[in-house]
Enquirer: 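I'd like to ask some things about the structure below.
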Number of protein chains: 2
Amino acid sequence: MNEKTTIYDIAKALNVTAATVSRALNNNPKISAATRKLVMETAAKMNYKQNKLALALKSGKSNNVGVVVPYIDRNFFSAIIRGIEEELYPLGYHVIICQTHEQESAEIDNINALLNAQVDGILMSVSKLSTQTSHFEHVLNKNVPLVFFDRKKDVKGVSTVTIDDYQAGYNATKHLIEQGCSKIAHLSGDWALEIYKNRYKGYKQALLDNGITFNKDYVIKTKSDIKAGHKSVEKLMTLETPPDAIFSSSDYVALGAIQQLKKMGVKIPDDFCVIGFSNEPFTKFMELSMSTVDQLPVEMGKMSAKVFLEQVKESNVKIEKKVVLAPNLKIRATSTKK
Amino acid sequence: MNEKTTIYDIAKALNVTAATVSRALNNNPKISAATRKLVMETAAKMNYKQNKLALALKSGKSNNVGVVVPYIDRNFFSAIIRGIEEELYPLGYHVIICQTHEQESAEIDNINALLNAQVDGILMSVSKLSTQTSHFEHVLNKNVPLVFFDRKKDVKGVSTVTIDDYQAGYNATKHLIEQGCSKIAHLSGDWALEIYKNRYKGYKQALLDNGITFNKDYVIKTKSDIKAGHKSVEKLMTLETPPDAIFSSSDYVALGAIQQLKKMGVKIPDDFCVIGFSNEPFTKFMELSMSTVDQLPVEMGKMSAKVFLEQVKESNVKIEKKVVLAPNLKIRATSTKK
DNA sequence: TTGTAGGCGTTATCAG
DNA sequence: CTGATAACGCCTACAA
C-alpha cells in the first residue's frame, strides 16, 4: 500500500510479462478479454497508478504546459489562467505557472526552465520590459508551440490571442463623444507594448472620425498605478483648456484619476467622464461604478488553450494563427450623463 | 540547433562516454579539470539543456509541487499561489495548479492526477464540499508531503498554515463593540469548514467577554456571495430588535449587506457598522472603504512553501507542523464612527 | 495472444 | 580519472 506499484509488480503477481500488463491497461486490442480483466482487477487491487513521468520520458510528451505571466495575482491574468486550466485539464494537461514580475531576465529564465522541464507548450503574456525576441525563437527552434495572449511581440511562427485593442480604444472614445465630451484625454502605457499603442490609435481615429481635432497635450504615457492617475490629472487640469473626459488604458490609473478629480471638486459624470480598461473587479463596486473595457480574460484563456491544442494536433505543419477577440465595453456610472 | 542534444551527443563529439559528460556537468569531483572544461564548452556550444524529465524518473523527484484551490482567480487564492511560487521557484520547483470549483469529486481527481504526475508535494485549501479524508490519507501513504493552507481538515500527519480565525473574529467583534455597537450580528459560512466555525467562536467570546448576551437570531449561515448579503440583511432587519452591526465572514456578503442597508436607508457607519473578511481588493475602493480582516495571503503562501520544504528536507521524520499566522484587522470607513 | 528486447536521458555503481 | 552497465517505469516493434 505504501510503496508504489509498477506494471512489473502486477506482472509478477499474475505470472505474465510487463508488456502484457501494459497492453491490458492501455486497451490494446491484441489481448484476450480474460487477461485484460484479470490485469485490471489486480491493478485496482494493488492500487496501481501509472507513472506519468516514465510515460513522458518515453513519449517525449510531458502533458504539461507552461504559462508565463507578469503576476499571477493580477485578476486579469489569474482569470486567463483559469480559462486555460479549465480548457486543458479535461484533456489531461497540467498547467505550470511562472511569474516574470515584468522582468525580461525572469522571462528568459522561466522559458528556459519550462523548456528543460519538457513542457508541451508555452502560453504567455510578454513582460513590459522585454525587448529581445531570441528567447521566443529559441522556443520555436525546439518545436515547442508558443502562444502569446494579450501582450505580444512580433515573432514569426508564434500564434497570438488578443482582443482588438484598437477597436476597444475606438469604442470607448466614441462612447465618450456620444456622451457629449469633446476634450478627451488619454492615459496610456508604454508603447513598447502593442496593446497600448493600439488603444491609442483607436482613440485617435475615433476623434478624427468625429471631427474632433487631436490634441497632443491630452495624451500622457504613465505607469499603471493609482498614483499615476493622480499625477496625470494634476497635469491635465493645469492645461489652458483642460479636458472633460479621460479614456485610460488602465483601471488603476482611471481610479487614481477619479480620486484626484473628486479632490479637485470636479463632478463625475456630469462635468467629466472616465473610462478605464480591464474590468478589474473593483470597478463594479466603486462609489460610482466605473465604465471600463472588459477583455473577457477567461475566454481569452480558453481560446489560447484551443490554439495551443490545434498546434499540437498538427505538429507537422507550422501554424501561425492570429485570433482577435472583440472587446466588451462596460458602460457604467462614470460615463453615463443623465 | 533544432534537435535536442543529449549527453550522448556531447560524448560522441568528444570521444568520451556519457558518464563522463554527466560527471563533468554535475561538478563531480572525480574528473579532471581539463575534461570538465572541455565538456562544459562543447555543451554550451551544442546548446545542451538537461532533460529534467529523465532526471525526475531516475531520481524519483519531479521538482514539481501541486497546488489545489477552489478557484484560481479568487484574489485570496491567487495571492497565496503567488507566495508559493516566489518561495519555491528559486529552489528549482515548479508550481502546478488545479481548481476544484468547490467540488469534492474534482478535489479527489486533482489529487490523483498530481500523484500520477509524481509531484514532490501537494499544497492545498480544501473544498467547501469535502467531507471525506481518505484522499488525503492516500497522499500521505505515498509519502508525499501534504500541506493545508487556510481551509483544513483534521487529518493526522498533515501540516497546516492558517490564520488565527478565532482571534480574527474576536478582534473584529471587539472593535465593533468599541465603536459603540452592542447588537452585533454575524454572517457565517458552512461550519463544516473550521475557519467559519472559529470566526464564529471568536465573535461569540468577544461578546461574552464584554458583557453582551449572545443572541442566536443574530447569527446566519449563508453562501459567500453578494445576494446572500442582501437576503441576510432583509431577514435581520425584520427582527424585533434589529442589529446595529455586522461582522461578516466574507467580503462579498458584507458588500451585499451594505448595499441592502443603503437601500433601506440605514446610515453607515453612524447607525450601523460593517466588517468583512479577506481584504478583497475591492473593499478599499468602495464608496465607504470597507473594514475587513486581512489574511496576508502572500505570507500564507510563502509559509506554506516553507513548511513543505522542511517536510522534504526531513523526509525520514514525520512532521506535523501547525503554523498559525496573526490576522490583520483593517479598520476602514464602514466601522469608524466619528 | 503473449514474450523478448530495446530505448526514452540521466545518474550511480563498479570496475579498470 | 574514465568506461561500461544497470536502473528509473513505461511502451512498442518484432518475434514466437
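Per chain, numbering begins at 1; letters A, B, ... match sequence-line order. Computation of the quantities below employed the complete heavy-atom set of this structure, encompassing side-chain atoms and omitting hydrogens, waters and symmetry-equivalent molecules.
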Enquirer: Side chain of A:Ser22: nearest nucleotide among C:dT2, D:dT12, C:dG7?
Expert: D:dT12
Enquirer: May I ask you to evaluate whether B:Gln118 reaches the phosphate of D:dC8, defined as a side-chain N or O under 4.0 Å from OP1 or OP2?
Expert: no
Enquirer: Can you measure A:Asn27 atom CG to C:dT1 atom P for me and round it to whole angstrom units?
Expert: 14 Å
Enquirer: Quick one: B:Arg23 CZ to C:dC14 C1', roughly how many Å, whole number?
Expert: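 Value for this atom pair: 11 Å.
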Enquirer: If you check every side-chain atom of A:Thr20, which of C:dT10, C:dT2, D:dC11 has the closest atom?
Expert: C:dT2
Enquirer: Which nucleotide in the set C:dG3, D:dT2, C:dT1 lies at the smallest distance from any side-chain heavy atom of A:Ser32?
Expert: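 The answer is C:dT1, which lies nearest to the side chain.
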Enquirer: Figure out the CG/C1' separation between A:Asn28 and D:dT12, and round it to whole Å.
Expert: 9 Å
Enquirer: I want to confirm an ordering. Mapping B:Ser59 and B:Thr35 to their closest nucleotides on DNA chain D, which one lands closer to the 5' end?
Expert: B:Thr35
Enquirer: Checking the side chain of A:Glu87 only, and the main-chain atoms of A:Gly301 only, is there a donor and an acceptor separated by less than 3.5 Å?
Expert: no
Enquirer: Can you name the one residue among A:His101, A:Gln132, A:His135, A:Gln99 that meets side chain to side chain donor-acceptor pair (under 3.5 Å) with A:Glu107?
Expert: A:His135
Enquirer: For the side chain of B:Lys30, starting at C-beta, report the closest nucleotide among D:dT2, C:dT2, D:dC10.
Expert: D:dT2
Enquirer: Quick one: which of D:dT2, D:dG9, C:dG3 gets closest to the side chain of B:Leu57?
Expert: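 So the nucleotide nearest the side chain must be D:dG9.
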Enquirer: Between C:dG3, D:dG9, D:dT2, spot the one nearest the side chain of A:Ala54, thanks.
Expert: D:dG9
Enquirer: Check every atom of D:dC10, C:dT2, C:dT4 against the side chain of A:Ala19 and return the nucleotide holding the closest atom.
Expert: C:dT4
Enquirer: In this structure, how many angstroms lie between the C1' atom of C:dG9 and the OH atom of B:Tyr48, rounded?
Expert: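 Distance check: B:Tyr48 OH to C:dG9 C1' gives 7 Å.
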Enquirer: Does the A:Lys153 side chain pair with the main chain of A:Ser130, one donor and one acceptor, at a distance under 3.5 Å?
Expert: yes
Enquirer: Hey, which of these two, A:Tyr8 or B:Leu55, hits DNA chain C nearer its 5' end, going by closest nucleotide?
Expert: A:Tyr8
Enquirer: In whole angstrom, what separates A:Leu53's CG from D:dC8's P?
Expert: 14 Å
Enquirer: Which nucleotide, C:dT11, D:dC14, D:dG9, lies nearest any side-chain atom of A:Thr6?
Expert: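 For the A:Thr6 side chain, the nearest candidate turns out to be D:dG9.
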Enquirer: Mind calculating the distance between CD1 (B:Ile7) and C1' (C:dC8) to the nearest angstrom?
Expert: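 From B:Ile7 CD1 to C:dC8 C1': 12 Å.
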Enquirer: Output the single nucleotide from D:dA4, C:dT4, D:dC10 whose closest atom is nearest the side chain of A:Thr17.
Expert: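 In terms of side-chain proximity for A:Thr17, the closest of D:dA4, C:dT4, D:dC10 is C:dT4.
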Enquirer: Using a heavy-atom cut-off of under 4.0 Å over every strand shown, decide if A:Lys61 touches base, sugar-phosphate, or nothing.
Expert: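 It contacts nothing in the nucleic acid.
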Enquirer: Hey, does the side chain of A:Asp190 reach the backbone of A:Ala192 with a donor-acceptor pair shorter than 3.5 angstrom?
Expert: yes
Enquirer: Measure CG/B:Asp120 against C1'/D:dC8 and give the value in whole Å, please.
Expert: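 To the nearest whole Å, that distance equals 15 Å.
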Enquirer: Please tell me which of the listed nucleotides, D:dT2, C:dA12, D:dC10, lies nearest to the side chain of B:Lys58?
Expert: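 Side chain of B:Lys58 sits closest to C:dA12.
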Enquirer: Any side-chain to backbone donor/acceptor pair from B:Ser125 onto B:Phe149? Under 3.5 Å, distance only.
Expert: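 Answer holds: yes.
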Enquirer: For the residue pair A:Ser32 / A:Thr35, report whether a side-chain donor-acceptor contact shorter than 3.5 Å exists.
Expert: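 On atom types as modelled, these side chains qualify, holding a pair under 3.5 Å.
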